[in-house]
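Input: a single structure, listed below in structure tokens.
Side chains included, hydrogens not; waters and symmetry mates left out as well; all remaining heavy atoms used. A quick note: this is a predicted structure, and the numbers were derived from the prediction, not measured. A, B, ... follow the sequence lines: proteins, then strands. Residue 1 opens every chain.
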Amino acid sequence: MADPTNSEIAAAFDELGDLYELDGAIIHRVVAYRNAAKVTRDASVSVAQLTREGRVTELPGIGATLETKLVALVETGAIPQAERLRAKFPAGLLEMTRLPGLGPKRARRLYEELGIDSLEALETAARQQRIRDLRGFGARAEENFLAAIARATADAEARGGNGSGRFVLDRALAIAEPLLELLRAHPTSHQVELAGSARRWGESVKDLDIIATADDPRALAEALAASDLVESTAGLGDNGARVRTHSGMGVDLKVVAPDQFGNVLQHFTGSKEHNVALREAAVKAGLHVSEYGILDDASGETLRCATEQEVYAKLGYAYIEPELRENRGELQAARLDGGSGLPELITEADVKGDLHSHTTASDGKNEIEQMAEAAQALGYEYLAITDHSASHGFGDDVSPQQLEAQIERIHAANAAFPGIELLAGSEVNILPDGSLDYPDELLARLDWVIASVHSSFSLGEAAMTERVIAAIDHPSVDAIGHLTGRKIEARPPYALDVTRVIEAAARTGTMLEINGAPDRRDLNDVHARAAAQAGVLILVDSDAHRTRTLASSRRYGIATARRAWLTAAQVANTRSWKEFAPLRKRVRAGG
DNA sequence: GCCGTTTTCGGCCCGACTGTTTTCAGTCG
């Protein structure tokens with residue numbers, strides 16, 4: 001039996017937490033399961049493997065009891081307590097608790113006292129006005145349930161199957177950036193900053209939070225409500241506004257006093273896990289952190305902070321960049337008394353070349369020369385032209401003969417553009433058996449090869465892992481592209497043992513890419529951090545299919561690298577061409 | 001259920017809002 005993946009284990013813990021909550025367990029026990037789910041999801045090594053080695057309690061938040069459950073899950077594929085609780089509570093009951101405004105306590109009473117065990121049953125009972133007779137419920141509750149069900153149904157239909165209600169970050173920023181510009185340009189505003197997961201450069205966001213200071217808060221709120229992007233306004237006052245854009249995204253503007261701006265920005269930037277850990281640590285020092293300030297037990301006074309730097313300094317930390325605020329060790333590292341220190345994170349300005357781009361030879365929209373000009377405009381020293389390979393399909397395939405002609409064209413362009421090194425490359429398909437779809441002699445003639453999986457996504461973990469490692473072992477493969485194949489909010493990663501892939505890449509000197517396409521960002525932050533720690537050189541690539549995405553995708557790749565704690569030195573394409581060229585596997589092997 | 005520079009037992013972040021209630025539990029972020 002294949003080991004459960006970290007995300008499968010995390011899902012099992014989340015479900016168990018939900019079930020225990022329905023069962024009336026004390027909240028701290030429920031939180032312990034949710035915390036364990038998060039820790040598992042963020043773990044850079046296989047938690048199933050750690051379990052079999054008897055080392056799983058080394059993970060923070062996993063103790064003896066959870067270890068027992070993990071052993072059962074790894075050895076038998078199931079957790080007995082979960083089976084028992086699933087039999088006790090119908091699946092529809094868990095769905096009911098996901099309705100906004102209905103939690104586990106009240107859902108359970110609806111089930112036990114009225115037999116309501118699904119959203120459908122809840123809707124029927126509300127329409128028949130059978131809920132209002134229950135103690136603690138009223139006519140208002142019935143109205144709210146019906147409205148919540150209608151909203152959930154309408155949202156699901158509007159999204160056409162993407163049930164999460166989240167927006168991939170590039171769509172969110174396409175709304176946030178013009179709104180920030182509008183608010184910053186307004187005569188009454190002083191400071192205007194994005195908060196929330198968008199400021200942390202998360203993969204997707206639910207809504208936007210903007211924190212501001214202004215001489216006339218209401219005027220600023222009215223300016224937001226008057227924007228062309230805004231469809232409707234739910235609330236507007238002296239503290240800000242809550243609006244909804246035409247794309248369906250909620251935007252919350254909070255206008256605050258200047259001397260609290262740092263507290264509020266820190267609070268609403270999150271993440272929740274970062275803030276909880278920050279506040280727990282503060283309590284031990286007699287300090288209580290909230291969005292309003294830091295209450296000191298000793299003096300009884302609340303310290304207000306105009307900047308986030310002051311907030312972190314008062315609590316004993318160096319400033320922590322938003323991308324790191326996920327409770328993945330940043331608080332311990334940032335401690336001013338004995339922390340190991342935070343890394344100096346890579347920036348967009350560090351990038352000196354791009355190793356993954358497409359042209360009209362396959363499915364790109366621009367010619368080699370146009371891509372070269374665009375790369376030069378970004379100040380790049382090198383650009384790899386890596387069109388798709390012989391088996392790609394969709395009319396975008398490049399036959400071996402066509403590739404030979406493409407090599408000539410790229411070399412000619414390279415001569416015509418003396419300021420930039422143009423690499424004749426390919427994004428070659430890794431076939432299901434791990435072989436590549438060009439002859440070895442042809443691959444050896446290229447300057448650069450990035451190998452990717454574009455077919456047969458459901459091979460299963462063992463076969464997929466062998467498939468990718470076979471490509472890594474090929475002497476002409478310099479790097480692996482978008483390792484897990486996921487599309488954010490659209491397609492899950494395929495089953496793959498990333499730990500083994502990282503080992504193989506480290507062993508062979510094969511680079512691993514962070515693909516900067518905003519819906520890929522693959523490697524993700526957790527995988528990229530693990531790979532870099534294992535000594536693998538990381539690439540930040542655009543996978544550009546047109547000139548403008550060379551730059552627009554770079555920022556998502558860099559954001560992912562920063563969330564992975566990466567420094568410029570850990571990313572190969574921050575090097576000059578002279579330094580980068582000999583790092584290619586094909587050059588190293590050739591001596 | 002986890003965890004320990006006040007603890008191996010007794011704690012475990014902070015505040016707002018809502019609806020149903022006469023002081024608060026449940027829910028959410």
Looking only at atom [atom1], what distance separates [N] and [M], rounded to whole Å?
N       : M       : atom1 : value
dT8(B)  : dG1(B)  : C1'   : 14 Å
dC12(B) : dT7(B)  : P     : 15 Å
dG11(B) : dT22(B) : C1'   : 32 Å
dC2(B)  : dT6(B)  : P     : 23 Å
dT23(B) : dC13(B) : P     : 28 Å
dG26(B) : dT20(B) : C1'   : 11 Å

Calculate the interatomic distance between [X] atom [atom1] and [N] atom [atom2]; express it in whole Å.
X         : N       : atom1 : atom2 : result
His274(A) : dC14(B) : NE2   : P     : 15 Å
Leu59(A)  : dG1(B)  : CG    : C1'   : 15 Å
Leu70(A)  : dC2(B)  : CG    : P     : 10 Å
Leu66(A)  : dG1(B)  : CG    : P     : 7 Å
Lys254(A) : dG15(B) : NZ    : P     : 16 Å
Glu67(A)  : dG1(B)  : CD    : C1'   : 14 Å
Arg109(A) : dT20(B) : CZ    : C1'   : 11 Å
Leu16(A)  : dG1(B)  : CG    : P     : 8 Å

For atom [atom1] of [X], decide whether the heavy atoms of other residues, nucleotides or ligands shown that lie under 6.0 angstrom number more than 12.
X         : atom1 : value
Glu231(A) : CD    : yes
Arg242(A) : CZ    : no
Lys88(A)  : NZ    : yes
Asn239(A) : CG    : no
Asp228(A) : CG    : no
Glu344(A) : CD    : no

Inset, instruction - Using heavy atoms and a sub-4.0 Å distance, could you list which residues of residues 300-339 of chain A are near DNA chain B? By number, please. - result: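 Residues of residues 300-339 of chain A under 4.0 Å from DNA chain B: none.
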Review point. Under a 4.0 Å heavy-atom cut-off, which of residues 28-40 of chain A touch DNA chain B?
Key: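 Correct list: His28(A), Arg29(A), Ala32(A), Tyr33(A).
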Classify the nucleic acid contact of [X] as base, sugar-phosphate or nothing, counting any heavy atom under 4.0 Å across all strands shown.
X         : result
Val283(A) : sugar-phosphate
Ala282(A) : nothing
Ile26(A)  : base

Without hydrogens or angle criteria, can the side chains of Gln266(A) and Tyr312(A) be said to hold a donor-acceptor pair below 3.5 Å?
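Judged by distance alone, the side chains do pair up.
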**Asked** Does a donor on one side chain and an acceptor on the other come within less than 3.5 Å for Asn275(A) and His267(A)?
**Response**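 There is no such pair (donor and acceptor under 3.5 Å, judged by atom type) between the side chains of Asn275(A) and His267(A).
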Checklist entry - Taking for each residue the nucleotide of DNA chain B with the nearest heavy atom, is it Val289(A) or Ala139(A) whose nucleotide lies nearer the 5' end? => result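 Closer to the 5' end of DNA chain B: Val289(A).
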*asked:* Both Tyr292(A) and Arg135(A) contact DNA chain B. Taking the nearest nucleotide for each, which residue is further toward the 5' end?
replied: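 Result of the comparison: Tyr292(A).
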Can you tell me if the side-chain N/O atoms of [X] get under 4.0 Å from OP1 or OP2 in [N]?
X         : N       : answer
Ser290(A) : dC13(B) : no
Lys284(A) : dG4(B)  : no
Asn144(A) : dG19(B) : yes

- Looking only at atom types and distance, does a side-chain atom of Arg184(A) sit under 3.5 Å from a main-chain N or O of Val192(A), one as donor and one as acceptor?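 Judged by distance alone, yes, a pair lies under 3.5 Å.
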Short side-chain to backbone donor-acceptor contact, Asn263(A) and Arg304(A), under 3.5 Å: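 Such a contact is absent between Asn263(A) side chain and Arg304(A) backbone.
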Using side chain to side chain contact (heavy atoms under 4.5 Å, CB included), reason through Thr302(A) and Gln260(A) one step at a time and then give a plain yes or no. CA-CA 11 Å; Thr302(A) 297; Gln260(A) 282 180 312; over 6 Å; no
Look through every strand shown and name the nucleotide pairing with dT8(B) as Watson-Crick or G-U wobble, where both distances are under 3.5 Å.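 Partner of dT8(B): none found under 3.5 Å.
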Could you check Leu19(A) against Leu94(A) for side chain to side chain contact (heavy atoms under 4.5 Å, CB included), going step by step and ending with a plain yes or no? CA-CA 8 Å; Leu19(A) 288 168; Leu94(A) 279 181; 4.3 Å; yes
Qualifying residue, where the test is side chain to side chain contact (heavy atoms under 4.5 Å, CB included) with Ile175(A) and the options are Val205(A), Leu208(A), Val230(A):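 Option passing the side chain to side chain contact (heavy atoms under 4.5 Å, CB included) with Ile175(A): Leu208(A).
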Its contact letters, B for base, S for sugar-phosphate only and - for none at protein heavy atoms under 4.0 Å, make nucleotides 24-29 of chain B read --SSSS
